[in-house]
Each structure stands twice: as C-alpha cells, then as structure tokens.
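This report concerns only the one structure given below.
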Amino acid sequence: MKAYPNYKTKIQFPAILLFIILFVTACSSTKYIQDYQAIVKKVEIDSIPKKMQEEAYTYVQKDIRPAPKLGVNVGLYNLFYGLFKTKSVGNPAPLLDSTLVEISRSQIEKFLKSKGYFNAKVNSSITVKKQRAQVYFKADTGKGFFISKINYDFEDPKIKDLYFSRKQGLTHLKDGMRYDEDSLSYERDKIYEIAKQNGYFDFLKPYIRYSVDSNSNDGKAKVTMIVDNPEGQKEHRQYTIGETNIFIAPDADGFTTDSLVRNPHIANGIRFTSYSKRFRRNPIVRYDFIKEGELYDNTKDQLTYDRLYQLNAFKNVKIDYLKAKDSSAKVEPIIRLIPQKKMSNRIEGELPFNAGTIGFTLGNTYTNNNMFRGAERFEVQVKGGVQSRVDGGGSIFKDIYQQDFSISTSLAVPRLMVPFKIPLMGKNGMPYTSFAISYIYSLQKDVLSRRIFQTSMTYDWYETKYKIHSFTPLNIEYRLGNVLITDPEVYRANFYNIILLNQKNITLGMKYSYILNQGKLLLPASFIYFRGGLETAGNLLQAISKLTGNDHRVPSATDPSLLEPAKILGLPYTQFVRPEIDVRWYKNLGGARQFVARLNAGAAIAYGNSSGAGIPIDKSFFAGGSNGIRAWQARTIGPGNYDRGKVLTTEDLRRAVFGLDQLGELHIETNFEYRYKLLNKFFGAQLKGAVFVDAGNVWNVSKSAIRDNPDSEFKFQKLFDQIAIGTGVGLRYDVDYFVFRFDVGLKIKDPMFSGSDQWVISKFFSGGKEFKANYYTTHSPDNYRFVQYNFGIGLPF
C-alpha cells in the first residue's frame with residue numbers, strides 16, 4: 001500500500017506560524033500611520049488622590065487612550081485592514097492629537113474642582129519617541145474644601161415640608177462632608193422626583209440651584225440650597241387627575257388625523273374610544289394606573305406605559321396631558337394606542353448536528369394577538385423533524401433513527417382568572433393566566449414510539465419587580481409508550497429502562513416555581529439569581545381511587561413478584577415528586593468582565609402507585625449539552641459510572657437506544673464561567689469571550705433502577721469518582737438584541753472509566769489516537785471525542 005504524506009500536519013504548522021507573524025507585524029502599528037503621526041502608548045495622571053484616579057481617567061478622550069497591553073483590538077484591526085481593507089474588525093491605534101490632549105486636561109481640571117478642589121490646576125506634557133507618544137497630566141489640587149454648613153431657602157413652604165418629610169431616607173448631603181457636585185446633583189434629582197410624584201406637574205429641575213461660599217481660607221464652604229417658585233407665582237401649583245381619554249387607532253397604520261372624536265360615554269373617569277372596534281374596554285383600562293381625583297404622579301405614567309406595552313397588542317403607546325380648560329388644577333391624560341397586526345405567521349427551521357448526527361427541524365407558528373378582543377395571545381405551533389447518523393458516509397437520510405412531530409396551542413390571558421376577588425397585580429409586572437394543549441409524537445427506529453397528550457392551566461405573577469411566581473394547579477398528561485425492541489436479551493439487560501419507555505399512564509399534578517432576580521440577568525451588576533421549583537403528581541388521583549375502591553394493587557401477570565399499579569379510566573396513574581433548584585452568583589468585575597458560578601440540582605422520586613414503574617421518562621434528568629456540561633453531547637454522561645460498552649454489549653443495541661439509556665433520577669451540576677470582551681467592533685457587533693469549567697452527573701436512586709445497573713447508584717462516598725469534569729473556551733457575538741454563541745468543550749475527567757483512567761485529559765495530550773481506536777472497538781458505533789463543539793443563541797446561563 002502506498003504511504004501518503006500527512007498534508008494536514010505539514011500545512012497546519014506553517015499556517016499557524018504565518019498567522020502569528022502577520023498578527024505580530026500588525027501589532028507593530030506604526031507601520032500603518034504617516035511619518036508625522038504618533039501612536040499614544042501611555043497616559044498617566046499624576047498627583048491626584050488615589051481614590052479619584054480611576055474616575056479621572058474617564059475624562060481622557062477615548063481617541064487618545066492607549067490600547068490595553070494584552071488587547072487584540074489594534075492588532076486585528078491592522079491585520080484585517082492590511083489584508084482586506086476592512087475597518088469592521090477591532091479598533092485603530094490611538095493617534096496623538098494635541099487638541100484632544102487639551103480637552104482632556106481641561107476636563108480633568110473641572111472634575112477635580114467638582115470634587116471640592118476649587119483651586120486645582122492641571123498641566124499636560126507630551127513626549128514622542130519613534131512615533132510613540134506618552135502623555136502626562138500633572139495636577140496641583142490645592143486644598144480640598146469641606147461643607148461647613150448647609151442652608152435651605154425654599155420659597156414654597158409646601159415643597160420644603162415635602163422634601164424634609166423624606167430627606168432622611170434619600171439625602172447625600174450633610175454638614176462636614178467633602179464638597180462634591182455629584183451629591184448636589186443627586187439631591188436636585190431627588191427633589192424633582194418627589195415633586196413630580198406628588199402633584200407638581202409643572203415642576204422643573206432649574207427651580208433648584210445652589211449657592212456656594214468658599215471665600216474662607218480654612219478649606220470650608222457654605223452651601224445654600226435654593227428652590228425658587230415659578231416667575232410671578234407665590235407657590236408651585238399642585239395638580240390632580242381629571243378625565244382620562246384612551247384612543248385606539250383603527251389599525252396598525254395609526255391615526256389618520258389629530259382631531260379625534262370621543263366616545264360620548266364615560267365610566268369611572270375614563271372615556272374609552274376604540275376606532276378599531278377590536279378591543280373591549282375592561283382588559284385595556286385595567287392597566288391604566290392614572291386614576292381620576294388622585295394627585296398627578298409621573299411614576300404612574302411609566303407604570304401605565306409599561307403595562308400597556310406588555311399586553312403585546314400595541315406597537316405604540318403614547319401618554320400626553322392637557323390642562324383642564326376651566327383653569328382648575330387638573331390635568332387630563334390622553335393615551336393613544338396603535339395596535340399591532342392582529343395575526344402573524346412565522347416559519348422557522350433548525351439544522352442540529354453533533355457527534356456524527358445531523359438532521360433538520362421545521363416549524364410553523366400562527367399567532368393571534370387579540371383573540372377575544374381582550375389582548376389575549378393565542379398561538380398554534382406545528383413542528384416536525386428527523387435526525388440521522390452520518391458516521392458511515394453516504395446520504396444524510398440513509399440512517400434516520402429519530403422522527404418527531406408535535407402540535408401545540410396556547411392562550412395567554414393578561415390577568416389572573418380566579419373565582420374570587422384579588423387586588424390588582426399589575427404594579428410590578430404583567431400577570432397572566434395561560435392555557436395550553438399539546439400532542440407530541442416521537443419514533444426512535446427499532447426502539448420505541450411515544451405519544452403524549454398534555455393540557456395545563458398556569459398562573460404567572462410578580463410579587464415585586466424581581467420576584468416571580470408561577471403556579472400550575474392543573475397539569476394533565478396522557479402517555480402511550482410502545483417499546484419496539486424484541487430481543488429477549490436486550491429486555492433482560494435493560495429491564496428498568498424498558499419499563500420507563502413502555503409506560504402507558506395518566507398524570508394529574510401541579511407545579512410551582514419561584515424566581516428571584518430574573519430581571520437582572522442582563523445588567524452589569526453583582527447579584528444572586530435563584531429559581532426553585534416543585535412538581536407533584538398522583539395524590540389527588542390516589543384519593544379518588546381510594547374513594548372508588550380501585551386503589552388496590554395486584555400481582556403482575558408476567559412477574560408475580562411485582563405489583564400492578566392501580567388504574568384510573570383503565571390506565572395507571574403516576575405518583576411522584578420532583579424538586580429542582582438553580583442558584584447562580586453573578587459577580588461584576590468591571591466593564592464587560594463578569595464571573596458566574598452556578599449550581600443546578602434536582603431529583604425525581606417515584607412513590608406510591610409508581611414505586612415499581614418508576615418516573616415518566618420525560619421527567620428524568622440528563623447531563624451534557626450546550627447549556628450544561630459542554631464537553632459532552634447532551635444525554636451522554638452517566639448515570640453514575642455507567643459504561644455503555646459494558647452494559648449494552650452489541651453495536652446494534654448501542655445504536656438503537658442512543659440518548660435513552662443515560663438518564664437519571666438525580667441531577668447535580670455546577671458551572672464556573674469567566675466572561676470578558678475581546679473586540680469592541682467585530683463586523684458591526686461586540687465579540688466577547690468566555691473561559692469555563694463544568695462538572696456534574698446524573699444518578700439513579702430507586703431500587704429497581706439500581707438493581708439493573710449498580711454503577712448508576714448515587715453514593716456520597718463515591719461522589720468525586722462519579723463526577724464528570726470539562727473545561728473550555730467560548731466566543732459570543734453580541735448584537736444587543738441576542739447573542740450567537742460558540743463554545744468548545746474539552747473533557748478532563750470522564751466517570752465512565754475507573755481510577756486514574758478517568759483523567760482522560762492525559763490521553764488528549766499523549767496516546768489519544770490509540771485510546772480512541774481501542775474505545776471504538778468496544779463501543780462502536782460511538783466514537784470517543786475529547787473535544788465537543790456547541791452552537792447556540794443566548795448565554796448558557
């Protein structure tokens with residue numbers, strides 16, 4: 001046989017070396033500038049208090065701030081510009097500009113004066129060597145001034161009383177503090193907010209000003225807060241809410257004229273006029289928080305604006321005020337609403353591929369944004385797809401092993417539909433009552449077919465802005481599983497899993513979940529996120545079966561040692577409890593840098609009528625995947641120390657039950673991720689990076705599951721031996737509205753092996769080819785992959 005040279009190896013090293021040379025050359029950025037230009041390599045601010053240095057640096061103009069020493073923005077910009085003449089990647093090197101240096105010097109000086117250094121002077125100097133510039137700012141701060149006394153001069157005693165009644169909880173001003181204009185501005189903003197929240201419709205920030213006396217030589221300043229009245233008036237006028245007019249445009253094109261004919265009928269201070277005739281009054285006015293007779297409050301504006309938008313029925317919401325024509329102290333709100341298109345249709349598809357499999361999914365979603373004229377959102381979704389193995393080559397449809405089809409409908413009503421009166425719950429977020437019905441069909445070749453009918457009713461509401469509750473008092477599921485495996489040996493080797501797959505049962509249960517701080521997930525802040533949930537099923541049906549005398553369990557006809565479960569309507573009912581938690585710590589490290597630590601855990605415990613049959617398979621847990629342990633494909637870790645090659649002894653069997661044999665009743669996973677910004681500009685968006693470590697597994701806890709696979713049992717003393725560990729790096733292409741994500745995971749420790757062999761990272765660096773060949777011999781058609789690629793939209797957590 002002729003030996004062919006390995007061109008991949010021969011070409012790969014020179015290609016990498018060429019890229020490094022090009023990149024290093026690009027970083028030598030003076031190559032791309034004119035002879036009379038210089039690149040700013042260093043900016044230093046000297047002789048100012050240490051705690052102010054970081055903030056002072058922000059007043060240096062961005063175009064002359066030097067690039068980070070370890071940054072790649074400039075190098076990539078020069079590389080792409082030199083090769084492709086594009087300016088879409090990275091940032092150019094900062095060029096020296098004496099005008100910008102002077103602006104920066106002036107701004108730093110003003111900053112120091114705003115912090116109480118009234119006599120501060122800042123000088124600048126520039127040194128240039130070999131087209132590389134260094135800019136120095138040297139400050140002479142002088143004496144820092146402190147506030148010796150704060151005086152108050154309010155022309156309107158009502159405004160003064162209002163301010164002092166709330167001052168203790170909001171003020172940043174006190175005698176003896178260092179003079180700081182930011183604190184004065186903060187106090188001005190707070191007085192403005194208080195006035196606007198208490199009827200003072202015409203109140204403006206310029207009415208609030210400060211007089212500062214710093215003529216003494218002892219570093220003390222006297223500050224007087226002055227709040228003026230409107231010119232020619234003895235006091236500020238306080239307004240109440242008059243009649244509210246709500247206008248809904250005829251269609252999504254908006255209003256055709258500014259002269260709007262009003263509905264002659266008015267109720268509870270609201271005149272509702274719908275030119276579209278598509279909206280009922282009550283569902284809309286329910287979320288108008290601007291009430292007749294109450295004092296004007298601008299926070300009610302924003303609240304009304306937010307909730308009307310969240311109805312998802314209007315593409316534009318506008319709130320204006322008119323002063324009453326009779327000169328009374330009233331303002332009359334006018335709310336103009338432009339509806340969205342009532343109906344829409346969306347076709348979408350996916351092309352999932354991973355570890356030797358490929359397929360497609362195609363779906364169509366029809367949406368009606370105003371089903372019953374009350375901003376109800378009705379959706380019908382039809383979705384189908386196939387998955388095929390391509391390891392053997394040939395057509396991608398040669399070995400289709402998975403077929404899926406689903407149809408679902410949902411109706412979301414923007415209020416809590418309960419048979420008793422409750423306070424309006426829209427102040428912190430939009431409440432919803434949702435109804436859902438779905439049918440799912442799944443066929444895995446030569447393994448099983450499954451049909452699931454599901455219907456549910458759910459209440460979602462906000463306790464506060466960051467505390468969300470979801471309660472499903474009614475969740476009905478009807479399952480028909482049909483195992484297609486006929487080999488008796490396979491039955492014996494996988495008895496427990498086959499029981500799960502072959503389940504035909506009814507589930508009647510309820511769910512509850514609580515989420516803390518979901519609204520902060522996109523904020524650059526430090527906080528704790530928590531999501532906890534509990535699902536139970538079967539208790540009500542057990543009570544009904546006892547009342548009807550059908551709660552007895554009889555020996556199985558196929559195995560007298562087992563008891564057949566009690567039945568309702570001819571089918572067994574499931575009985576289980578399933579708690580789950582997701583706790584995350586987000587630590588902001590400044591700018592776009594963030595550290596995230598996450599613990600995700602859950603358990604599914606069958607009891608009572610399901611103690612022999614186990615939990616429904618769709619309530620089981622799995623490990624791996626793009627949002628879990630990213631060095632493994634989804635459903636390919638565990639349970640415990642489970643090894644497919646030892647339990648599933650034939651290639652046909654391993655091929656048939658792929659993705660169904662590695663489920664568990666207990667799940668523990670932890671993730672650590674460091675996020676940072678790579679490029680400010682990358683083809684119109686930001687390019688961010690991530691480094692992560694993931695660890696975890698799934699286990700079995702029920703006796704029947706452990707009996708069939710002892711290696712899957714959870715034992716605390718063996719916990720570390722049963723943990724999978726992976727690491728990796730990722731890229732996030734952030735276009736503001738969503739994030740495209742690409743992660744590369746590398747296996748470090750694989751629990752399917754034993755002892756030191758679990759540390760597969762050593763094989764990755766030495767002997768990997770032989771290791772993978774031996775693995776394929778005992779585990780075909782599965783290949784061992786040290787590296788796993790994951791594509792996704794949105795952050796993993």
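Small disclaimer: the values here were computed from a predicted structure and weren't measured. All heavy atoms count here, side chains included; hydrogens, waters and symmetry mates do not.
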Regarding [X] and [Y], is there a side-chain donor-to-acceptor distance under 3.5 Å anywhere?
| X | Y | answer |
| --- | --- | --- |
| Asn475 | Gln454 | yes |
| Asn600 | Glu669 | no |
| Ser712 | Asn700 | yes |
| Ser442 | Gln403 | no |
| His469 | Tyr512 | yes |
| Asn697 | His667 | no |
| Glu535 | Thr472 | no |
| Asn588 | Ser526 | no |
| Asn790 | Gln788 | no |
| Thr574 | Ser610 | no |

Sequence neighbours left out, what passes ring pair (Phe, Tyr, Trp, His ring centres under 6.0 Å) with Phe530? Give chain and number order.
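Partners of Phe530 by the ring pair (Phe, Tyr, Trp, His ring centres under 6.0 Å) criterion come out as none, since no residue qualifies.
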List the residues meeting ring pair (Phe, Tyr, Trp, His ring centres under 6.0 Å) with Phe797, not counting sequence neighbours, and say none if there are none.
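If we apply the ring pair (Phe, Tyr, Trp, His ring centres under 6.0 Å) test to Phe797, skipping adjacent residues, there are no hits.
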Output all residues satisfying salt bridge (Lys or Arg N to Asp or Glu O under 4.0 Å) with [X], sequence neighbours left out; order by chain, then residue number.
| X | value |
| --- | --- |
| Asp694 | Arg630 |
| Glu477 | Arg479, Lys619 |
| Arg644 | Asp661, Asp782 |
| Glu348 | Arg346 |

So, are Asp618 and Arg450 salt-bridged, with charged N and O less than 4.0 Å apart?
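Yes, charged N to carboxylate O under 4.0 Å.
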Apply side-chain contact (heavy atoms from CB on, under 4.5 Å) to [X] and list each qualifying residue two or more places apart in sequence or on a separate chain.
| X | value |
| --- | --- |
| Val787 | Val744, Leu746, Phe764, Tyr789 |
| Ile748 | Ile725, Thr727, Trp759, Ile761 |
| Lys769 | none |

Test side chain to side chain donor-acceptor pair (under 3.5 Å) applied to Trp632 - qualifying residues, sequence neighbours left out
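Not a single residue meets the side chain to side chain donor-acceptor pair (under 3.5 Å) criterion with Trp632.
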Apply side chain to side chain donor-acceptor pair (under 3.5 Å) to Ser780 and list each qualifying residue two or more places apart in sequence or on a separate chain.
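With sequence neighbours excluded, Ser780 shows a side chain to side chain donor-acceptor pair (under 3.5 Å) to Glu651, given in chain and number order.
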Check for me whether [X] meets the cation-pi criterion with [Y], that is, NZ or CZ under 6.0 Å from the six-membered ring centre and within 45 degrees of the ring axis.
| X | Y | answer |
| --- | --- | --- |
| Arg584 | Phe527 | no |
| Lys747 | Tyr784 | yes |
| Lys520 | Tyr529 | no |
| Arg635 | Phe622 | yes |

More than 12 heavy atoms of other groups within 6.0 Å of Tyr514 OH
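Buried by this count: over 12 neighbours within 6.0 Å.
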Which atom pairs, donor and acceptor, lie under 3.5 Å between side-chain atoms of residues 590-599 and protein residues at least two apart or in another chain?
{"from": "Arg593", "atom 1": "NH1", "to": "Leu589", "atom 2": "O", "distance (Å)": "3.4"}
{"from": "Arg593", "atom 1": "NH2", "to": "Leu589", "atom 2": "O", "distance (Å)": "2.4"}
{"from": "Gln594", "atom 1": "OE1", "to": "Arg675", "atom 2": "NH1", "distance (Å)": "3.4"}
{"from": "Arg598", "atom 1": "NE", "to": "Asp582", "atom 2": "OD1", "distance (Å)": "3.3"}
{"from": "Arg598", "atom 1": "NH1", "to": "Asn627", "atom 2": "O", "distance (Å)": "3.3"}
{"from": "Arg598", "atom 1": "NH1", "to": "Asn671", "atom 2": "OD1", "distance (Å)": "3.3"}

Start with the C-alpha gap between Asp743 and Arg732, add the side-chain angles, then the distance that decides, and say whether salt bridge (charged side-chain N to carboxylate O under 4.0 Å, His left out) holds.
CA-CA 9 Å; Asp743 289 327; Arg732 285 91 169 92; 2.6 Å; yes
Quick one: are Gln542 and Tyr573 in side-chain contact, heavy atoms under 4.5 Å?
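Yes, their side chains come closer than 4.5 Å.
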For the pair Phe786 and Phe771, name the ring-plane relationship: parallel under 30°, tilted 30 to 60°, perpendicular over 60°.
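Tilted, since the angle between the ring planes falls between 30° and 60°.
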